[in-house]
Amino acid sequence: MQPAQIEDLRERVRQNVEAVRVTDIHTHLYDPAFGGLLLWGIDDLLVYHYLIAEGFRWFDISYDDFWALSKEQQADLIWNELFIRHSPISEACRGVITTLNALSLDPKKRDLRAIRQWFAGWNVEDYTGHCLELAGVKSLCMTNSPFDETERPVWEQDFRRDRRFQAGLRLDPLLLGWAESGKTLETWGFETQEDLGGKTVSEIRRFLAEWTSRIDPQYLMVSLPPDFRYPDRTIGHRILNEAILEHCREHDLPLALMMGVKRAVNPRLGLAGDGAGRSDLSALASLCERFPQNKFLVTVLARENQQELCVLARKFRNLHVFGCWWFTNVPSIVSEMTRMRLELIGISFTPQHSDARVLDQLIYKWKHSRQVIGGVLADKYAELASAGWLVTDQEVQRDIEALFGGAFRDFKKLSLR
Ligand code: RAT
Ligand code: ZN
């Protein structure tokens, strides 16, 4: 191929990535029927926990005083410190600029008051459609915890689901904090014992069955600390083996494992105080090997674990790698991870999820991810063409659809018998 043809191919690949409609497989957004739980607008964008963590590197205010402020006051502080007094260069800061710009709010004016006024003119239903459209997202997965006192009551009423918002059943307390969550289940009418004796395991399964039928999840999910081991002799492991994995097999649901989060490294920062650590992926290897009929959707937080995760995916077809999670969702690392994944496992993974907590973040998270992933894919197809393969537009489009949702759907359908 001539250099001009290669450049043309690269451009077509990038355009395809720009245009593809995405299935976002992990977010913290809610169906609009959940009312105030669906966050949106400039103040929620500014008080995102990623920005709170960055703001505290400059703030001259105690943690307690900060938390005592109203949302708007916190947003003012963050705006002044991270956007006015310093240039908004970090990924999370740049995201706010990309979002405002895409919404046609001129960030160059730096007029927070005018931005607030603009948002006040929207209603949530219209704005939801507007954001999904601008982000090119056709559907997304929420994070739904039965243990969350604010969302539970909504599920317990009858409401009309917005099919663009699919459920994900989050179970961290069940697996990681049985001493407490067992008691909670008891108050909800399940017979439990702290040592898992008597009917406890079947009662946990009844609880899982009830929530599965109530919310119709795409998968069950849990985030794990870096010191998670498998196998191990803990109550949590018995819950995993005897209740969660059995339930997943019976309902043909994947279990999403988000590995490597150290919760509350600095508890004074609240949600912003979590950190990251390197995981022992031999735990994941054991799970994939011992449970060949269970499906595992996995993302890992430590950069140091990424290659090992790809190698495991080459060994186990019941493992689907997804996303550049949280601290890895910065362009330099997304680029390196996506390149490595394509090189090791081809098209059989899901390069990104947004993890959006605020609706409007879908816009920047997907815009930034598309830019990086599009560039990496352009390189890869150019290399393939140079190697002598005929790269057709139709096949490029097929692959890109797989990477942005299709491979995830195929993995869910995969028969492991
Ligand atoms: O990315 C985030 O917003 C984190 O706070 C976590 O929620 C993480 O994504 C998780 O799902 O545990
Ligand atoms: Zn998340």
Side-chain angles (χ1 to χ4, degrees), residues 22-30 37-40 44-56 78 90-93 95-96 99 137 140-148 150-151 165-177 217-228 254-277 279 296-303 305-306 321-331 333-334 337 350-366 368-369 408:
V22 173
T23 301
D24 190 343
I25 72 170
H26 170 58
T27 76
H28 296 264
L29 301 176
Y30 288 90
L37 286 182
L38 173 58
L39 305 178
W40 60 283
D44 282 311
L45 283 170
L46 289 172
V47 300
Y48 186 30
H49 70 86
Y50 291 28
L51 291 180
I52 291 177
E54 291 171 30
F56 264 106
I78 290 176
S90 75
E91 175 61 9
C93 285
V96 176
T99 304
V137 169
L140 57 87
C141 275
M142 308 179 274
T143 295
N144 303 109
S145 173
F147 298 94
D148 183 321
T150 46
E151 76 166 289
F165 290 73
Q166 298 181 317
L169 180 54
R170 183 89 179 217
L171 296 169
D172 298 23
L174 183 65
L175 198 69
L176 304 171
Q218 295 295 304
Y219 52 80
L220 276 62
M221 66 193 302
V222 63
S223 64
L224 297 169
D227 60 7
F228 175 78
L255 175 63
L257 301 174
M258 305 179 66
M259 305 180 74
V261 53
K262 274 192 197 156
R263 295 288 179 203
V265 169
N266 180 356
R268 292 169 215 87
L269 276 175
L271 205 53
D274 297 341
S279 295
F296 299 96
L297 282 165
V298 179
T299 193
V300 289
L301 198 47
R303 186 185 184 189
N305 278 135
Q306 301 303 333
V321 172
F322 77 97
C324 297
W325 179 25
W326 200 344
F327 310 113
T328 63
N329 189 3
V330 291
I333 303 183
V334 175
M337 279 170 60
T350 301
Q352 194 53 308
H353 65 273
S354 76
D355 237 314
R357 281 179 181 264
V358 183
L359 179 63
D360 335 38
Q361 288 171 343
L362 289 172
I363 300 171
Y364 92 78
K365 299 238 187 197
W366 283 108
H368 292 188
S369 292
F408 166 73

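In this text, all values refer to a predicted model and were calculated from it rather than measured experimentally. All ligand and atom numbering here is 1-based and tracks the order in the structure.
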Would you indicate whether the side-chain heavy atoms of H353 and W325 approach each other to under 4.5 Å?
yes
Can you tell me if Q352 and N329 form a side-chain donor-acceptor pair at under 3.5 Å?
yes
Between CE on residue M221 and CG on residue L257, distance to nearest 0.5 Å:
10.0 Å
Whether Y219 side chain and I25 backbone form a donor-acceptor pair below 3.5 Å
yes
Would you say the side-chain atoms of N305 pair up with the backbone N or O of S279, donor to acceptor, closer than 3.5 Å?
yes
Interatomic distance, OG1@T299 vs NE2@H26, rounded to 0.5 Å, equals 8.5 Å
Separation between NE2 of H28 and CG of L39, rounded to the nearest 0.5 Å:
11.5 Å
Sorted by chain and residue number, the residues having a heavy atom closer than 4.0 Å to an atom of ligand 1 are H26, H28, H49, Y50, R170, M258, R263, W325, W326, D355, R357
Pairwise distance CD(Q166) to CG(D24) - rounded to 0.5 angstrom
11.0 Å
So, leaving waters aside, the tally of protein N/O/S atoms less than 2.8 Å from the Zn ion (ligand 2) stands at 3
Looking at R357, I want to see if its CZ is surrounded by more than 12 non-hydrogen atoms of other residues, nucleotides or ligands under 6.0 Å.
yes
